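These numbers come from the heavy atoms of this one structure, side chains and all, not from hydrogens, waters or symmetry mates. If you read the sequence from its start, that first residue is 1, and numbering goes on from there. Just so it is clear, the structure is predicted and the values come from calculations on it, not from any experiment.
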Amino acid sequence: MTRGQRRPNAAIYYQPANFSTASDRLTGRLSANEGLLRAFLRFGGVDCFYCHAARESQYDEFNALCAKLADYNHQTRWIPFIANGELETPGCLFRAAPNIAELAWQRAAHGDAHYSLCGITHAIAEYPVIDRIADLMIAPVREWDALICTSQAIKQVIVDLLEEWGDYLGTRFEAARPAILPQLPVIPLGIDCAEFAASGETGPWCAAFRSQHAIAADDIVFLYVGRLNPVEKSNPAPLYLALEKVAKALGRTPVLIQAGWFSSEQYQDLFIKGARELAPSVKHIFLDGRAPDIRRHIWHVADIFLSLPDNIQESFGLTPLEAMAAGLPVVASDWDGYRDTIRDGQDGFLIPTSMPVIAAGDDIARRYATRTGGYGGYCASTSQAVAVDIDACADRCVQLARDPELRRAMGACGQARARTRYDWPHIISSYQALWAELAARRMAAATQETPQQTKCGNITHDPRRQDPFLRFSTYPSRPLTGNTRLALHPAADAQTRSNLRNNGLVRIAGLIFLDDEEADAVLDFIAASNSCRLDDVCSAFAQLDVQTLIRTVGWMLKYNLLTLDETAS
């Protein structure tokens, strides 16, 4: 951008609940949206901040929030919803959510080329979110609009959804698939790296914290930050099982700090009891991660950041970036957006994941679609068949625990990457470059050629209610297919099986799996075979429901009853 040139601008579609972290129910989406607004105020360099809101009282709230978030002295202007024609002045309307289709209909009264629309994805597993994305096929969106995808995995899910929904519409109306769709650029979420650097208060705070919790100077401290929700965030059982292995390998007691918040007493009981039963050799500390001091300083108490998401609700993962900005090495699942941000062997380690990528969840999708089961059950049922390699995680954690120089090197590498790739000034520049590109497309619309339309395929189901194992097949690093070879895990003895089955975390969503007798028969068959394909298991147990069987195999991999025989594969 040349000197004196105006920076690309966008009006902010403002709804108070979407931009404030001053809530007991703190989520990554709220943190990301608040951070984005703060960064735009600080680094946008625009001459006016436009607020697109329903009422003037919300505009007043917008101004108050801006004053709180950033030390700014710029002009603001309210553009009411009813006066959306005035959005021509900023040239773009940004909504911190994916549902820009309804905004396209509102724009239509003034002409599609009046201004551009820009949305962003967060978690996309909920059906209402899926519906809003599918609406892009029928709304008057244009190629000068955009839906920002925060990761390559998210983009692929959206591309697949739109292709399948387009095929359905073509079949339904005997027409070609709509040819005009918004851009789908991949731009990651950002963080304020300076917030996570040590300050003058950090040392005394950490010393007091270690003293309060009897953490010795040579103790190895692992840290997890995020919502403590085994249903819609991450089941901690694999993490506990991995750290129990770490404790045995090190011959000492590691410390695990989990800083977040419980959305129910039931989940709190599951976490605490699960920690005690699955990782008795680990010292567990639970903290309220919403407390400002903890959010600011807890990173510097830890040696290693550990996060093992296994849930389709997860989409990007801000906390690993925050850990990198604080100089911590990261051990995380090789799962959806995490693989975009963490470089295996450089900033930390990515732990392989596996999930069935063949039809194994039609009934799960139907329960959610018919409201027989809720969103939590949909996520929990799917995630129980997602395996994070517990042994690999334990090995990597032991490697880092024994090598302080490796921890320092990876922490420094991650910190440099966070500053040069994910710090907000870089992300805001990417947003403004996108807005400039959309404006150029809009201006050149008159000379653009109409893309060739495509033929429609045969539709056998509602693409918006796809089997979750098929819909999110790009998330795992190890797809579980019919040719995947399986072997009994060496630790899968009768006592281990009994202990796992009696644990509340392990038994979440138990109704969607084989019963214990059937599951033991499957394990015995695989043990007798030494190594066999998933297809062989399905053939041997043809009398069982195949989808339930496949899910159960995923569950067995998750909890180290089975292992992937990669040498045979």
Open item on the list: Show, in sequence, the C-alpha distance, side-chain angles and deciding distance for Val157 and Phe472, and conclude whether the side chain to side chain contact (heavy atoms under 4.5 Å, CB included) test is met.
Closed with: CA-CA 6 Å; Val157 170; Phe472 299 98; 4.1 Å; yes

Task: Qualifying residue, where the test is side-chain contact (heavy atoms from CB on, under 4.5 Å) with Ser333 and the options are Ile342, Asp310, Val388 - done: Val388

Open item on the list: For a quick test of reading the model, state the closest non-hydrogen atom pair linking Gly190 to Leu318 and the distance between them.
Closed with: O-CD2, 3.7 Å

TODO: Fit a plane to each ring of Trp555 and Phe513, take the angle between them on a 0 to 90° scale, and name the class: parallel (under 30°), tilted (30 to 60°) or perpendicular (over 60°).
DONE: tilted

Open item on the list: Are His284 and Tyr240, when compared by the centres of their aromatic rings, separated by less than 6.0 Å?
Closed with: yes

Open item on the list: Is it the case that the side chains of Tyr375 and Gln313 hold a donor-acceptor pair, with the cut-off being a distance below 3.5 Å and no angle test?
Closed with: yes

Task: Check: Arg367/Tyr378 side-chain N/O donor and acceptor closer than 3.5 Å - done: no

TODO: Could you pull out the closest heavy-atom pair between Arg471 and Glu164, with the gap in Å?
DONE: NH2-OE1, 3.4 Å

Open item on the list: For Pro352, is there any backbone N or O sitting under 3.5 Å from a side-chain donor or acceptor partner on Ser477?
Closed with: no

- [ ] Output yes when a side-chain donor or acceptor of Gln547 lies under 3.5 Å from a complementary backbone atom of Asp362, and no otherwise.
- [x] yes

Open item on the list: Within the 4.5 Å heavy-atom criterion, are Leu223 and Val301 side-chain neighbours or not?
Closed with: no

Task: salt bridge (charged side-chain N to carboxylate O under 4.0 Å, His left out) between Lys155 and Asp340, intermediate numbers included - done: CA-CA 12 Å; Lys155 178 176 179 176; Asp340 286 1; over 6 Å; no

Task: Side chain proximity check, Ser315 to Thr121, heavy atoms < 4.5 angstrom - done: no

Open item on the list: Given 3.5 Å as the limit, does a donor-acceptor pair link the side chain of Lys273 with the main chain of Leu505, or not?
Closed with: no

Open item on the list: Please check if the number of heavy atoms outside Gln543 that lie under 6.0 Å from its CD is greater than 12.
Closed with: yes

TODO: Starting from the C-alpha separation in whole Å, work towards a yes-or-no answer on side chain to side chain contact (heavy atoms under 4.5 Å, CB included) for Asn560 and Thr496.
DONE: CA-CA 10 Å; Asn560 265 12; Thr496 298; over 6 Å; no

TODO: Find out whether Leu514 and Phe541 are in side-chain contact, i.e. whether some heavy atom of one side chain is under 4.5 Å from a heavy atom of the other.
DONE: no

Task: Heavy-atom closest pair, residues Ser531 and Asp565 - done: OG-OD2, 2.6 Å

Open item on the list: Quick check against the 3.5 Å criterion: does Asp303 have a side-chain atom that pairs as donor or acceptor with the backbone of Val221?
Closed with: yes

- [ ] Hey, could you give me each pair passing salt bridge (charged side-chain N to carboxylate O under 4.0 Å, His left out) that has a residue in residues 382-391? Not counting sequence neighbours.
- [x] Lys245-Asp391, Asp389-Arg478

TODO: Check whether any side-chain heavy atom of Asp334 sits under 4.5 Å from a side-chain heavy atom of Asp344, and report yes or no.
DONE: no

Task: Asp347 and Val330, any side-chain heavy atoms less than 4.5 Å apart - done: no

Open item on the list: Given 3.5 Å as the limit, does a donor-acceptor pair link the side chain of Gln346 with the main chain of Gly414, or not?
Closed with: no

Open item on the list: How close do Arg407 and Ile304 get, counting heavy atoms only, and between which atoms?
Closed with: CD-CG1, 3.8 Å

Task: Working for side-chain hydrogen bond (donor to acceptor under 3.5 Å, both in side chains), residues Asn499 and Gln495 - done: CA-CA 6 Å; Asn499 291 343; Gln495 187 60 53; 2.9 Å; yes

Task: Ile550 versus Ala360, closest heavy-atom pair with distance - done: CG2-CB, 3.8 Å

Open item on the list: Testing the basics here: between Asp467 and Ile358, what is the closest heavy-atom pair and its distance to 0.1 Å?
Closed with: OD2-O, 4.4 Å

Open item on the list: Determine whether Thr552 and Leu544 satisfy the following criterion, side chain to side chain contact (heavy atoms under 4.5 Å, CB included), listing intermediate values before the conclusion.
Closed with: CA-CA 11 Å; Thr552 303; Leu544 300 178; over 6 Å; no

Tabulate below the donor-acceptor pairs under 3.5 Å that side-chain atoms of residues 126-139 make, not counting sequence neighbours, or state none.
unit_1	atom_1	unit_2	atom_2	d
Tyr127	OH	Ala365	O	3.4
Asp131	OD1	Arg464	NH1	3.4
Asp131	OD1	Arg465	NH1	2.9
Asp131	OD1	Arg465	NH2	3.3
Asp131	OD2	Arg465	NH2	3.0
Arg132	NE	Asp135	OD2	3.2
Arg132	NH2	Asp135	OD2	3.3

Task: Any donor-acceptor pair under 3.5 Å from Ser498 side chain to Ala494 backbone - done: no

Task: Arg417 (side chain) donor-acceptor with Thr341 (main chain) under 3.5 angstrom - done: yes

Open item on the list: Looking at Glu518, is its backbone amide N or carbonyl O close enough to the side chain of Asp515 to form a donor-acceptor pair, meaning the two atoms are under 3.5 Å apart?
Closed with: yes

Task: Arg533: partners by side-chain hydrogen bond (donor to acceptor under 3.5 Å, both in side chains), with sequence neighbours left out - done: Asn483, Asp536

